[in-house]
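Hydrogens, waters and symmetry mates are skipped; everything else that's a heavy atom, side chains included, is used. This chain uses plain numbering: 1 for the first residue, then up along the sequence.
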Amino acid sequence: MKYFIKTFGCQMNFSDSERMKTFFETNNFTPADKIDQADLVIFNTCGVRLISEHKVYGHVHNVFKKQGEFQRKRKYLGIDSQRKQIIVVTGCLAHREEFRKRLKNKVDLFIAIKDFPKISELISKIDKTKSTNFYHSLKNSRKNSYLRIEPKYEKTDFALVPIMTGCNNFCTYCIVPYARGPEWSRPFKEIEAEIQKLAEKKYKTVLLLGQNVNSYQNGKTTFPKLLKTLAQKFPQIKFKFLTSHPKDYSDELINVIAQNENIPNEIHLPIQAGSDKILKAMNRPYTQKYYLNLIKKTREKIPTAKFSTDVIVGFPGETEKDFQETVKVFKEIGYSEAFINKYSPRPGTASFKLKDSISLNEKKRREQILKNIFEN
């Protein structure tokens, strides 16, 4: 059986897809060069941004539409009609009930990412002559044993290495805690063994991944300790990491970055909003003053430090005065990179119940103002 994986969204999803590829190929699946050549099409989805969700709808529809055209041609030629492809959706969106309902006649299987090693068993139950859509997720399961699968890395000198998954923060706009579940940290020895193999293959850069990477905790090993140990054991490898949460960005971590030359001074530290009122509404447990102090402390220890960030404009209730607090932060810090997102309600999150009170045109205006500051 030939398979094709289409990945959407964050680096964690791309890392998960690399592990899926190893799993499939060790279980006698063959990669297809193009999506229309595959018997099995897997969409690894992200539900953080509305634009990613719309892309998934479009791609699933296109595959399903081509299936219908294929069936009609076979019927016209007098050949028994049978579905050509099995469509599977995993990742964040697979967990959303209203998303599954919308695609229930086009998708055969929705599966939690942690359960994809069961996919061979599950697709064998699918009736190829009709849509037999069902959802599979181990209820209350925190197992993430799929992370032990050695990935088929996309690059030969740069590797994505997840060290934890899930999130306990429950920011009011974010679907991740519901889709990924609670935080779970990989055993340090597993991470070390994976990076040892990368070192032997002469990899130059490793990106350590987690939804909240600096909350990593396995036994007595915290994230700063893990980062320091890896940096010192593998001095030939550059160690980057994302995504950091300001509440877990510690003095110890700053010192580790400052003391190890193979940890780049480019730090991703999302602020999301500059207004204390909006930060509280987002359930981000820090203030603008606290965040700016983190930047100050880092630059005192690491004068060459550069910062990138994520920010949301147009969160419900964000007034012009609130927005100007974000403008203030942008001007004061001078980010090297900024990912500016217009707020969009995500079903299942706490903020979905709030009125989306800011018009799209106003969100675009605020987005452009921040872009102008960043680009100049």
task = Could you check T221, T222, L227, D248 and say which one makes a side chain to side chain contact (heavy atoms under 4.5 Å, CB included) with Y216?
result = T221
ask   = Can R365 and E320 be counted as an ion pair, charged N to O under 4.0 angstrom?
value = yes
Residues F330, Y335; criterion ring-ring contact (aromatic ring centres under 6.0 Å, His included); working and verdict = CA-CA 7 Å; F330 264 60; Y335 290 112; 5.1 Å; yes
message = Just checking F8 against H59, ring centres under 6.0 Å apart?
response = yes
inquiry  = Between Y57 and F99 (judged by ring centroids, cut-off 6.0 Å), do the two rings come close enough to count as a pair?
reply    = yes
inquiry  = So, taking the atom named OG1 in T309 and the one named CZ in F339, what distance separates them when rounded to the nearest 0.5 Å?
reply    = 9.5 Å
query = Do E154 and K21 meet the salt-bridge criterion of a basic N to acidic O distance under 4.0 Å?
reply = yes
Donor-acceptor under 3.5 Å (R346 side chain, G47 main chain) = yes
task = Check the pair L93 / E53 against side chain to side chain contact (heavy atoms under 4.5 Å, CB included), numbers first and verdict last.
result = CA-CA 8 Å; L93 292 175; E53 182 174 339; 4.0 Å; yes
task = State yes or no: are the ring centers of Y173 and Y343 separated by less than 6.0 Å?
result = no
Joint cluster assignment, I113 & I86, ILVMFWY side-chain distance < 4.5 Å = yes
query = Should K297 and D251 count as an ion pair when the cut-off is N to O under 4.0 Å?
reply = yes
query = Side chain of D16, backbone of N13: donor and acceptor closer than 3.5 Å?
reply = no
Electrostatic pair R19-E194, nearest N-O below 4.0 angstrom = yes
inquiry  = Donor-acceptor pair, distance only, cut-off 3.5 Å: does the side chain of R100 make one with the backbone of A94?
reply    = yes
task = Would you check if the distance from the ring center of Y146 to the ring center of F23 is below 6.0 Å?
result = no
